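Written below as structure tokens is the structure these notes are about.
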Amino acid sequence: MSMNLGPLFEPFELHNLKLRNRVAMAPMTRNFSPGGVPGENVEAYYRRRAEAGVGLIITEGTTVNHPAANGYPNVPAFHGADALQGWKNVVDAVHEAGGTIFPQLWHVGAVRKEGTPPDPSVPGYSPSGLFAPGKPSGKAMTKDDIDDVVTAFADAAQDAKALGFDGVEIHGAHGYLLDQFLWEGTNQREDEYGGSLQNRLRFVVEIVEAVRHRVGPDFPIMLRFSQWKQQDYDAKLVNSPEELEAFLKPLAEAGVDIFHASTRRFWEPEFEGSDLNLAGWTQKLTGKPTMSVGSVGLTEDFISGTFASKQEAVEKAGIDELVARMTNHEFELIAVGRALLQDPEWLTKVKEGRLNEVESFAKKSLAELY
Ligand SMILES: Cc1cc2nc3c(=O)[nH]c(=O)nc-3n(C[C@H](O)[C@H](O)[C@H](O)COP(=O)(O)O)c2cc1C
């Protein structure tokens with residue numbers, strides 16, 4: 001069956017960035033980098049998706065150079081000669097295959113537990129020593145700690161540019177460190193980094209400004225943010241378009257080029273009275289190109305629990321719905337996670353109308369890197 005794929009396969013340009021299409025691989029932690037060093041298996045994994053036509057690869061979260069940045073085993077670091085050489089090999093492989101690639105720069109904050117590599121004695125760091133509201137964990141950051149992390153993000157972005165990456169994504173979502181500052185539930189500071197929205201934004205704004213200062217005006221900076229947190233899927237940073245605008249404006253002014261509004265289902269309206277999703281509202285309010293994400297390409301079986309029937313699932317959550325939203329310029333870019341993790345050829349199959357050959361996402365695929 002041939003489909004109208006509308007703008008999905010149109011090129012996208014921003015400054016020096018040229019994407020061959022508007023489909024990105026979403027950042028997905030894979031835990032296959034022992035000692036923090038991405039090796040040949042990681043290189044082959046990303047090369048395979050680039051060879052199969054993915055426009056932009058956003059790497060798995062990779063940790064900035066701070067002792068408490070990492071939260072999980074075998075996550076790749078973004079510092080140290082061996083890890084950076086590993087990433088250089090990944091960049092070259094993706095470029096050879098005609099793709100583009102951003103690293104996702106990450107600090108997990110209070111999600112880190114003592115015992116985690118690289119130094120097991122280091123606790124989690126966070127704005128107020130809280131993993132979630134009412135759940136103390138780790139250390140509340142001092143002003144010096146804040147400055148160290150800001151510098152670590154700037155260093156990582158500078159390294160990304162030097163290695164040949166095409167831009168960077170700053171991970172400000174899902175209840176990790178940056179989001180812990182943004183979220184009232186985990187930020188109870190009484191200094192200039194806590195309290196009002198302006199104050200809660202300050203840490204992320206400082207990171208974006210520091211990154212911008214290091215990489216210059218033309219190197220793309222993408223910021224990923226979300227309402228949902230791993231600590232609370234129903235949490236909200238903002239409750240109305242007006243609040244969203246107040247949240248986004250300082251970030252855009254600090255130097256964000258592309259917003260990546262992370263939602264779990266791309267078809268869900270963000271606020272009452274409009275069909276626009278979070279990315280749609282973000283693009284409308286900032287005028288900046290925005291990336292959406294959430295359950296694209298998952299099979300009807302997977303999502304039909306959300307709908308009354310399979311038919312309704314196809315109509316509301318299928319590729320046609322995505323294409324319709326992109327044709328309306330609700331958002332310019334779309335990230336695809338699990339469908340591409342499962343099936344490296346997913347995009348080629350969509351393009352060629354071979355949807356019957358797409359492999360359905362299965363959790364057991366997380367155990368392998370291919
Ligand atoms: C195995 C796995 C690992 C993930 N790791 C990250 C990550 O490192 N950084 C991040 O921002 N999101 C991460 N996510 C979220 C994805 O980027 C994406 O937003 C989510 O899977 C929804 O997209 P999908 O429905 O297309 O999979 C992860 C998701 C999965 C399934």
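Computed from a prediction, not measured in an experiment: that's the story for all the values here.
Ring geometry for F259 against F225 counts as perpendicular: the plane angle is over 60°, on a 0 to 90° scale with 30° as the lower cut. Using bins of under 30°, 30° to 60° and over 60° for the plane-to-plane angle, the ring pair W228/H174 lands in the parallel bin.
T59 places none of its side-chain heavy atoms less than 4.5 Å from the side chain of P27. Residues H79 and L84 are not in side-chain contact: their nearest non-hydrogen atoms beyond the backbone lie 4.5 Å or more apart. Under the 4.5 Å side-chain criterion, counting only non-hydrogen atoms from C-beta, W267 is in contact with S295. M326 has its side chain out of reach of V323: every pair of non-hydrogen atoms, C-beta onward, lies at least 4.5 Å apart. Contact of the Q342 side chain with the S365 side chain is registered, since non-hydrogen atoms from C-beta on lie closer than 4.5 Å. Side chains of D148 and H66 form a contact here, defined as non-hydrogen atoms less than 4.5 Å apart. Contact annotation: the side chain of N356 never approaches that of K349 to less than 4.5 Å [non-hydrogen atoms, C-beta and beyond]. Counting heavy atoms from C-beta on, the side chains of T100 and V94 never come closer than 4.5 Å.
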Would E242 and S240 count as a side-chain hydrogen bond (donor to acceptor under 3.5 Å, both in side chains) if you check the C-alpha gap in whole Å, the side-chain angles of each, and the deciding distance to 0.1 Å?
CA-CA 5 Å; E242 293 73 29; S240 66; 3.3 Å; yes
- Determine, step by step, whether E243 and K236 satisfy the side chain to side chain contact (heavy atoms under 4.5 Å, CB included) criterion, reporting the C-alpha distance in whole Å, the side-chain angles of both residues, the deciding distance to 0.1 Å, and the verdict. CA-CA 11 Å; E243 287 179 15; K236 299 270 180 227; over 6 Å; no
- Message: Apply side-chain hydrogen bond (donor to acceptor under 3.5 Å, both in side chains) to residues Y46 and E60 and explain how you reach the verdict.
- Response: CA-CA 10 Å; Y46 289 118; E60 60 204 291; 2.8 Å; yes
Hey, mind stepping through Y176 and H107 against ring pair (Phe, Tyr, Trp, His ring centres under 6.0 Å) and telling me if it holds? CA-CA 7 Å; Y176 292 108; H107 191 304; 9.7 Å; no
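Between the side chains of N277 and S292, at least one donor N or O sits under 3.5 Å from an acceptor N or O. Side chains of E206 and Y193: a donor on one and an acceptor on the other come within 3.5 Å. Side-chain contact, S196 with Q198: no donor N or O sits under 3.5 Å from an acceptor N or O.
Remark: the backbone N or O of E330 is not paired with any side-chain donor or acceptor of N328 at under 3.5 angstrom. The backbone N or O of E192 lies less than 3.5 Å from a partner atom in the side chain of R202, making a donor-acceptor pair. For Q104 (side chain) and E169 (main-chain N/O), no donor-acceptor pair under 3.5 Å exists by modelled atom type. Under the 3.5 Å distance criterion, the side-chain polar atoms of N187 are left unmatched by any main-chain donor or acceptor of P127. Here the side chain of N65 pairs no donor or acceptor atom with the backbone of A152 at under 3.5 angstrom. The closest donor-acceptor contact from the side chain of H15 to the backbone of L17 lies at 3.5 Å or more, if one exists at all.
The residues E312 and K316 are annotated as salt-bridged, a charged nitrogen and a carboxylate oxygen being separated by less than 4.0 angstrom. Electrostatic pairing of R325 and E321 counts as a salt bridge here, judged by a charged N lying under 4.0 Å from a carboxylate O. The existence of a salt bridge linking E332 and R22 is confirmed by a sub-4.0 Å separation between a basic side-chain nitrogen and an acidic carboxylate oxygen. K249 has a carboxylate O that lies under 4.0 Å from a charged side-chain N of E253, or vice versa, which qualifies the two as a salt bridge. For K143 and D191, the salt-bridge test fails: no basic side-chain N is under 4.0 Å from an acidic carboxylate O. Salt-bridge annotation for K229 and D179: present, with a side-chain N of the basic residue lying under 4.0 Å from a carboxylate O of the acidic one. Salt bridge present: K139 and D145 bring a charged side-chain N and a carboxylate O closer than 4.0 Å.
Scanning both residues, V168 and A160, for their nearest heavy atoms gives CG1-CB, 3.6 Å. Residues R212 and I221 come closest through the heavy atom pair CZ-CD1, 3.5 Å. Nearest heavy atoms, A157 versus V211: CB-CG1, 3.5 Å. The two residues Y370 and D343 make their nearest non-hydrogen contact at OH-N, 4.5 Å. For the residue pair R200 and L182, the shortest heavy atom distance occurs at NH1-O, 2.8 Å. Looking at every heavy atom in both residues, S126 comes nearest to S137 through OG-O, 4.2 Å.
To the nearest 0.5 Å, atoms CG (N31) and CG (L369) are separated by 10.0 Å.
At a threshold of 4.5 Å between side-chain heavy atoms, the hydrophobic network of Ile, Leu, Val, Met, Phe, Trp and Tyr places Y72 and V37 in two separate groups. In terms of hydrophobic clustering, with Ile, Leu, Val, Met, Phe, Trp and Tyr side chains grouped at heavy-atom distances under 4.5 Å, V256 and V293 are assigned to different clusters. Residues L197 and F271 share a single hydrophobic cluster, defined by chaining ILVMFWY side chains whose heavy atoms lie under 4.5 Å apart. In the hydrophobic clustering of this structure, F181 groups with I170; members are Ile, Leu, Val, Met, Phe, Trp, Tyr whose side-chain heavy atoms approach within less than 4.5 Å, directly or through other members.
A salt bridge (charged side-chain N to carboxylate O under 4.0 Å, His left out) check over residues 112-126, counting only residues at least two apart or in different chains, returns nothing. Here salt bridge (charged side-chain N to carboxylate O under 4.0 Å, His left out) pairs that include residues 355-370, with residues two or more places apart or in two chains, are R354-E357.
Around NZ of K351, the count of heavy atoms belonging to other residues, nucleotides or ligands within 6.0 Å does not exceed 12.
Checked against L178 for a side chain to side chain contact (heavy atoms under 4.5 Å, CB included), the options F203, W106, W183 give a single hit: F203.
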